[in-house]
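Below: the structure, in structure tokens.
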Amino acid sequence: MESLSKNLWNYKFSHIYVEKDALNYDISHDIISRFKKSILIEIEHYKDVFCRKNQNFILQKKIPKLILAVKKDNFIYPGSKMCDDFGNDNFYYTSLVMNCIYDCEYCYLQGMYPSGNIVIFVNIEDTIEKVKQILKNKSIYLCVSYDTDLMAIENITGFLHKWIETANKYKNLKIEIRTKSADFEYIKDIQSLDNVILAWTLSPDKIIKEFEKNTPSLNKRLKSICDAIDKGWKVRICFDPILYVKDWEVLYKQCIEKTFEIIGKRKVYQVSSGVFRISKDYLKIMNKLREDSKILAYPFQCNNGVCSYNTKHINKMMNFIKNEVKKYVPLKDIYLQ
Amino acid sequence: MVYFLTALYYEAKEIIKHYKMKKVIEAKKFQIFKNDKYYLIITGTGGIKAAVGATYLLSNFGYNENDIFINIGICGANKEKAHIGEIFLCNKLINKYTKKSYYPDMLFSHSFREGSLESFLEIVDKDMIKNVKADIVDQEGAFLYEAVSIFLKPENIYIIKIVSDFLEADSVTPVLIENLMASNLPKVYEWIDKRLNIEDYKNDIMNKEENDMINILCKNMKLSSAMEYEFKKLSKQYKIRNGQILDLLIKYKDVKCNIKAEGKKVYGELKQKLMEL
Ligand code: SF4
């Protein structure tokens with residue numbers, strides 16, 4: 001009798017679900033060919049898998065499946081009020097990948113999506129086309145790595161290459177690529193552009209270990225940042241979210257010190273920071289999913305559907321961060337949420 | 001709890017024996033067997049009977065949303081796609097008539113073959129082979145899955161099929177079914193045992209001592225029900241953040257308030273502390 005595996009969990013991307021239509025795109029075949037051991041399952045619509053009832057988000061995050069789909073509408077969305085537009089007009093974001101290979105305990109995606117599986121919309125060209133139409137009439141500031149971490153999966157999708165190529169052709173398009181990855185090397189072959197900002201989210205190592213599962217260490221992220229700046233890229237550093245945890249002052253002070261010690265004399269484009277904040281509806285779902293989460297177990301205050309710490313704590317934390325960061329970066333380049 | 005569903009008695013016989021199940025006398029509409037951890041229902045052939053049987057079983061025997069449901073039985077297959085005695089764990093279930101497909105969540109590894117199952121209302125014979133899209137066919141799987149997924153999680157519903165014939169229903173005798181089940185079920189039992197080791201139970205956050213202390217304080221501080229609700233929530237959050245809460249609560253153990261206003265004041269002070277790290 002064939003012996004059963006001692007480890008009963010499947011492996012990451014053990015199954016790839018593909019919409020029939022998605023099979024008409026070369027990129028789908030490229031992606032499938034990278035996962036030779038995965039079982040391929042043809043589906044009609046990504047929602048048949050992604051939106052099933054009663055799914056276990058937390059378990060799915062451990063061993064996510066991949067879903068390849070074709071985006072039919074909603075190619076571009078107006079920017080969220082919970083995110084800074086950094087003074088840019090016409091703030092939009094795209095969501096070509098739903099969900100993330102990382103597993104941060106505070107991530108809003110767990111409140112937003114019914115599934116922890118990852119959907120890749122393979123028809124990026126349609127979104128780019130939509131963006132080009134808008135660019136005929138106005139400049140836009142576009143966050144392309146929302147609801148996911150595109151740099152962390154660039155080796156699978158190649159989407160950043162396509163976005164940066166578009167930004168190279170359209171100077172009235174400003175792009176933000178937000179990441180926690182240490183994978184700058186996936187785009188190191190590309191010439192840096194003035195209208196593309198690489199935004200790295202940094203956290204203290206203790207927070208990374210405890211609450212940002214699967215993400216690279218602070219040192220590794222900093223190494224990627226240094227490489228990017230050295231190659232001429234504009235890098236925004238985001239200390240966000242700042243979490244109200246035991247010894248937060250010590251942890252974030254050390255993190256900020258270490259960041260600027262390693263970056264040294266390199267020029268940082270901007271620094272942004274904000275405390276943990278989340279939509280009330282998402283928080284409700286997250287509290288059910290992670291009943292014992294230390295960071296979610298806080299008496300949050302809700303205003304206009306957004307929950308965060310109480311004003312006393314927010315002010316204390318933001319002042320602290322501002323005072324620490326301004327030792328290294330001029331105040332005009334510091335953005336606080 | 002683990003729930004088995006089979007269409008036929010011959011599919012169930014070996015399972016009943018293996019788990020030493022006893023007949024549930026109170027069950028009047030279907031034959032149901034059980035021991036302390038497993039239930040088994042025999043529904044008869046067909047999607048409607050299977051869906052009704054599953055609903056009857058889950059509704060009448062107090063299911064829990066983390067329970068496991070296993071439909072096990074024989075199936076037909078296209079000669080090119082499978083061999084007799086092959087065990088399939090289905091990853092896609094197609095309802096032949098609505099054309100809708102269902103996807104159990106394949107979180108756990110196994111040694112079976114994975115494939116798609118198409119469920120028909122009638123027996124599928126060789127002449128219908130052109131109409132078959134999936135690897136294997138039966139008369140229950142997809143219908144049953146749709147019903148069970150209303151109650152249970154998609155990672156806990158397993159449709160396991162053993163190939164009995166190449167769309168030649170006449171060749172399927174009770175003896176053949178019993179033999180197929182007897183020779184293949186040990187692999188299924190072994191997998192179920194391992195699967196059951198991964199339980200997703202969460203422990204209660206507050207223990208009895210803490211709950212008792214909270215109840216004493218509520219009484220002593222004469223808290224209203226709204227304040228009591230808030231106090232319990234804040235206490236639980238404090239315990240999660242700090243790993244313990246008794247050290248703080250114990251300081252208020254001997255406080256006895258005679259009027260509500262007095263209690264409100266004490267509670268206000270305690271509340272501030274509960275909101276800090
Ligand atoms: S990196 Fe961002 S998107 Fe990914 S899990 Fe963490 S918070 Fe969510």
Side-chain angles (χ1 to χ4, degrees), chain A residues 1-11 14-15 17 38-45 48-65 67 114-117 244-249 287-301 309-310 312-313, chain B residues 65-66 87 91-92 94 99-116 133 148-157 184 186-187 190-198 200 202-205 230 233-243 271-272 274-277:
Chain A
M1 189 167 93
E2 203 183 304
S3 71
L4 285 162
S5 157
K6 268 201 181 116
N7 178 5
L8 203 62
W9 294 103
N10 253 323
Y11 53 93
S14 61
H15 293 69
Y17 296 87
S38 303
I39 293 174
L40 206 65
I41 302 174
E42 211 176 276
I43 57 176
E44 285 300 323
H45 197 283
D48 294 343
V49 179
F50 194 70
C51 299
R52 287 169 296 185
K53 278 180 281 194
N54 301 328
Q55 291 179 84
N56 192 327
F57 191 100
I58 305 288
L59 288 187
Q60 288 177 338
K61 268 301 231 194
K62 278 191 192 200
I63 30 159
K65 316 292 182 205
I67 303 169
S115 167
N117 293 326
Y244 186 66
V245 291
K246 214 168 187 330
D247 301 327
W248 63 268
E249 280 133 315
N287 270 324
K288 269 200 197 142
L289 287 175
R290 301 193 190 260
E291 226 202 331
D292 55 357
S293 164
K294 277 187 191 165
I295 39 180
L296 300 178
Y298 177 95
F300 293 105
Q301 293 191 347
Y309 304 123
N310 66 41
K312 187 180 96 186
H313 288 159
Chain B
E65 63 163 5
N66 288 317
I87 310 176
N91 58 23
K92 176 174 180 174
I94 308 167
K99 307 275 178 252
K100 242 183 116 36
S101 296
Y102 305 92
Y103 304 91
D105 214 350
M106 310 304 289
L107 291 184
F108 306 102
S109 67
H110 53 83
S111 64
F112 312 123
R113 181 165 158 202
E114 271 188 40
S116 53
K133 290 204 183 71
V148 177
S149 63
I150 293 170
F151 302 96
L152 305 180
K153 295 177 177 169
E155 75 271 18
N156 290 338
I157 308 171
N184 286 294
K187 294 170 206 161
E190 188 185 346
W191 182 76
I192 292 171
D193 286 348
K194 293 196 177 185
R195 168 65 193 83
L196 289 178
N197 283 333
I198 305 179
D200 189 26
K202 288 179 192 143
N203 291 330
D204 286 340
I205 288 160
E230 184 190 57
K233 194 171 163 192
L234 288 174
S235 300
K236 189 166 150 191
Q237 291 177 335
Y238 184 93
K239 161 105 192 255
I240 294 168
R241 293 198 306 273
N242 292 286
K271 185 175 154 182
Q272 281 309 313
L274 287 170
M275 287 171 78
E276 293 302 329
L277 287 170

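Everything numeric here is computed off the predicted structure, so don't read it as measured data. A note on names: the letters A, B, ... follow the listed sequences, proteins ahead of strands, and every chain is numbered from 1.
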- Task: Pick whichever of B:Ser101, B:Ser116, B:Pro154 has the most heavy-atom pairs under 4.5 Å with chain A.
- Result: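 Between B:Ser101, B:Ser116, B:Pro154, the count favours B:Pro154.
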- Task: Give the member of B:Lys239, B:Lys233, B:Met106 that has the highest number of heavy-atom pairs under 4.5 Å with chain A.
- Result: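 Heavy-atom pairs under 4.5 Å are most numerous for B:Met106.
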Contact class of [X] relative to chain B, heavy atoms under 4.5 angstrom:
| X | result |
| --- | --- |
| A:Ser115 | neither |
| A:Ile43 | both |
| A:Tyr17 | side chain |

- Under 4.5 Å between any side-chain heavy atoms of B:Lys236 and A:Glu291, yes or no?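 Heavy-atom side-chain distance check passes, below 4.5 Å.
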- Query: Any side-chain heavy atom of A:Ile39 sitting closer than 4.5 Å to one from B:Asn91?
  - Reply: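 Counting from C-beta outward, A:Ile39 and B:Asn91 do come under 4.5 Å.
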- Item | Ion pair check, A:Lys312 and B:Glu276, cut-off under 4.0 Å |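 Yes, charged N to carboxylate O under 4.0 Å.
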- Message: Measuring from atom CD1 of A:Ile67 to atom OH of B:Tyr103, what distance do you get when rounded to the nearest 0.5 angstrom?
- Response: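 One finds 10.5 Å between CD1 of A:Ile67 and OH of B:Tyr103.
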- Query: Are the side chain of B:Lys92 and the backbone of A:Glu42 linked by a donor-acceptor contact shorter than 3.5 Å?
  - Reply: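 Present.
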- Counting distance only, does the side-chain N/O of A:Lys62 pair as donor-acceptor with the main-chain N or O of B:Leu107 below 3.5 Å?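 No.
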Grab the two heavy atoms, one from [X] and one from [Y], that are nearest each other, plus how far apart they are.
| X | Y | answer |
| --- | --- | --- |
| A:Leu8 | B:Arg195 | CD2-CA, 3.1 Å |
| B:Ile240 | A:Ser293 | CG2-O, 3.4 Å |
| A:Tyr298 | B:Arg241 | CA-NH1, 3.8 Å |

- Query: Among A:Lys65, A:Gln60, A:Gln55, which one satisfies side-chain hydrogen bond (donor to acceptor under 3.5 Å, both in side chains) with B:Asp105?
  - Reply: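 Answer to the side-chain hydrogen bond (donor to acceptor under 3.5 Å, both in side chains) test with B:Asp105 among A:Lys65, A:Gln60, A:Gln55: A:Gln60.
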- Task: Not counting sequence neighbours, which residues clear salt bridge (Lys or Arg N to Asp or Glu O under 4.0 Å) with A:Glu44? List them please.
- Result: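 Counting only residues at least two positions away or on another chain, A:Glu44 forms a salt bridge (Lys or Arg N to Asp or Glu O under 4.0 Å) with A:Lys20.
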- Contact class of B:Ile150 relative to chain A, heavy atoms under 4.5 angstrom: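 Interface part for B:Ile150: both.
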- Item | Test log, rule side chain to side chain contact (heavy atoms under 4.5 Å, CB included), inputs B:Phe151 and A:Lys53 | CA-CA 9 Å; B:Phe151 302 96; A:Lys53 278 180 281 194; over 6 Å; no
- Message: Let's test your reading of the structure: which of A:Asn54, A:Asp48, A:Asn10 forms the most heavy-atom pairs below 4.5 Å with chain B?
- Response: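 Looking at each of A:Asn54, A:Asp48, A:Asn10 in turn, A:Asn10 comes out on top.
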- Query: How are the rings of A:Trp9 and B:Phe108 set to each other: parallel, tilted or perpendicular (split at 30° and 60°)?
  - Reply: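 If you compare the ring of A:Trp9 with that of B:Phe108, the planes turn out tilted.
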